[in-house]
Amino acid sequence: MKFTVAELEQEAVDFDESLAPAVIDYVEEMRQVGPLHAAGRADLLKEHRGPQEIVADIRVRASLQTRMELPCARCLDPVVQMVDSTFDLLFRPVGVDADGVDRSITASETEIGYYEGDGLLLEDVLREQVLLALPAKTLCSEDCKGLCAECGRNRNTDPCNCAAAPADPRWAALQAINLQAVRSRVKS
Ligand SMILES: [Zn+2]
Ligand SMILES: [Zn+2]
């Protein structure tokens with residue numbers, strides 16, 4: 001769905017969309033596992049920057065809900081994460097702030113983005129908002145034990161007998177060297 005400036009010049013657009021998985025491409029490690037529901041309004045906001053200069057900003061206010069699947073930060077097992085957020089964003093034509101002057105038009109918490117050409121794709125807005133709404137670190141459970149630094153097994157489901165030694169990568173490297181030395185001795 002695209003909001004064009006020409007269309008918004010006429011009237012605000014209310015939307016209530018349900019996007020199936022795979023409509024939006026996310027980053028590689030994550031995927032949408034249910035419909036993405038987004039409802040809100042897009043309208044045009046005209047900034048008068050001088051007698052000759054009027055900047056047409058697109059404002060999008062909406063709520064979104066979906067479910068995303070992404071790897072646990074510790075054990076890499078897939079985790080389904082609910083996303084439920086609201087946003088209020090202002091998009092200016094790209095390049096219009098190239099003079100570097102900071103123009104926060106209101107004291108509100110409206111965030112500023114940019115649109116290219118004649119308008120803005122709702123899908124682009126939603127992709128970014130879904131990614132922003134996800135927690136910085138997703139865990140399959142608060143006490144996920146993660147992967148064993150020695151043997152790589154999932155310590156939640158496949159406990160191993162590796163020493164509970166601190167997982168220092170220098171040790172691992174040293175052990176690899178020792179192992180090689182042992183192997184070459186065995187061979188000869
Ligand atoms: Zn985990
Ligand atoms: Zn292990």
Side-chain angles (χ1 to χ4, degrees), residues 1-74 76-140 142:
M1 179 176 199
K2 188 170 187 177
F3 308 119
T4 64
V5 174
E7 185 187 17
L8 296 173
E9 290 268 8
Q10 306 302 315
E11 58 179 352
V13 173
D14 290 316
F15 57 91
D16 191 338
E17 298 276 304
S18 186
L19 306 183
V23 171
I24 297 179
D25 256 332
Y26 298 93
V27 289
E28 211 169 297
E29 322 76 82
M30 55 182 73
R31 61 193 190 99
Q32 188 185 314
V33 287
L36 189 166
H37 181 238
R41 160 171 284 213
D43 53 11
L44 209 62
L45 213 127
K46 292 194 171 171
E47 276 185 76
H48 295 261
R49 291 193 173 179
Q52 305 298 321
E53 196 190 1
I54 296 173
V55 175
D57 296 340
I58 300 175
R59 185 179 188 186
V60 185
R61 283 167 284 182
S63 66
L64 73 88
Q65 295 85 31
T66 190
R67 286 183 302 140
M68 298 293 291
E69 187 185 83
L70 58 166
C72 168
R74 287 187 200 147
L76 307 180
D77 268 3
V79 183
V80 172
Q81 182 80 48
M82 302 295 295
V83 174
D84 188 348
S85 77
T86 60
F87 56 89
D88 181 349
L89 303 163
L90 196 70
F91 296 88
R92 288 182 173 139
V94 72
V96 80
D97 288 335
D99 55 7
V101 178
D102 185 17
R103 288 192 182 87
S104 36
I105 47 163
T106 58
S108 81
E109 282 164 26
T110 306
E111 290 172 63
I112 308 281
Y114 296 91
Y115 68 87
E116 253 178 285
D118 63 346
L120 180 68
L121 273 175
L122 175 63
E123 289 77 5
D124 289 343
V125 178
L126 295 177
R127 178 194 301 110
E128 196 176 310
Q129 292 308 306
V130 167
L131 295 178
L132 284 173
L134 288 168
K137 207 175 188 180
T138 299
L139 295 176
C140 62
E142 272 306 310

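These figures come from a predicted structure and were not determined experimentally.
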- prompt: Would you say Glu11 has more than 12 foreign heavy atoms packed within less than 6.0 Å of its CD?
  reply: no
query: With side chains defined as the heavy atoms from C-beta onward, is the minimum distance between Leu132 and Phe87 less than 4.5 Å?
result: no
field: Straight-line distance of Leu134 CG to Lys137 NZ, nearest 0.5 Å
entry: 15.5 Å
- request: Begin from the C-alpha positions of Ile58 and Leu90 and carry the test side chain to side chain contact (heavy atoms under 4.5 Å, CB included) through to its verdict.
  value: CA-CA 6 Å; Ile58 300 175; Leu90 196 70; over 6 Å; no
message: Once side chain to side chain donor-acceptor pair (under 3.5 Å) is applied, do any residues pair with Gln32, and if so which ones, sequence neighbours excluded?
response: Tyr26
query: At what distance, to the nearest 0.5 angstrom, does CD of Gln81 lie from CE of Met30?
result: 10.0 Å
message: Please report whether the ring centroid of Phe3 lies less than 6.0 Å from that of Phe91.
response: no
query: Considering only heavy atoms from C-beta outward, does the side chain of Val33 approach that of Arg67 to under 4.5 Å?
result: yes
- prompt: What are the two closest non-hydrogen atoms of Val55 and Pro93, and how far apart are they?
  reply: CG1-CD, 3.5 Å
query: Do Met1 and Val13 come close enough that some side-chain heavy atom pair is under 4.5 Å?
result: yes
message: Please give me the minimum heavy-atom distance between Phe15 and Ala62, naming the atom from each residue.
response: CZ-CB, 3.7 Å
message: Side chains of Tyr115 and Thr4, heavy atoms from C-beta outward: is any pair under 4.5 Å?
response: no
task: Check whether any side-chain heavy atom of Asp43 lies under 4.5 Å from a side-chain heavy atom of Arg61, and answer yes or no.
output: yes
- prompt: Considering the options Val83, Asp84, Leu19, Thr86, which one meets the side-chain contact (heavy atoms from CB on, under 4.5 Å) requirement together with Leu64?
  reply: Val83
task: To the nearest 0.5 angstrom, please state how far the CG atom of Asp25 sits from the CD atom of Glu123.
output: 11.5 Å
N/O donor-acceptor pair under 3.5 Å between Thr138 side chain and Cys72 backbone: no
task: Kindly indicate whether the side chain of Val5, heavy atoms from C-beta on, has any atom under 4.5 Å from the side chain of Asp118.
output: no
query: Between CG of Leu121 and CG of Leu126, what distance do you get to the nearest 0.5 Å?
result: 10.0 Å
- prompt: When rounded to the nearest 0.5 angstrom, what distance separates CG in Leu131 from CE in Met68?
  reply: 6.5 Å
task: Please assess Glu47 against Val96 for the test side chain to side chain contact (heavy atoms under 4.5 Å, CB included), listing each intermediate value before the final yes or no.
output: CA-CA 11 Å; Glu47 276 185 76; Val96 80; over 6 Å; no
statement: For Glu142 and Arg74 the tightest heavy-atom approach is O-NH1, 3.3 Å
For the student: nearest non-hydrogen atoms of Val79 and Leu139, plus distance: CG1-O, 3.9 Å
task: Determine, for Arg41 against Asp14, whether the closest basic-nitrogen to carboxylate-oxygen distance falls under 4.0 angstrom.
output: yes
task: Enter the distance from Asp57:CG to Leu120:CG here, rounded to the nearest 0.5 Å.
output: 11.5 Å
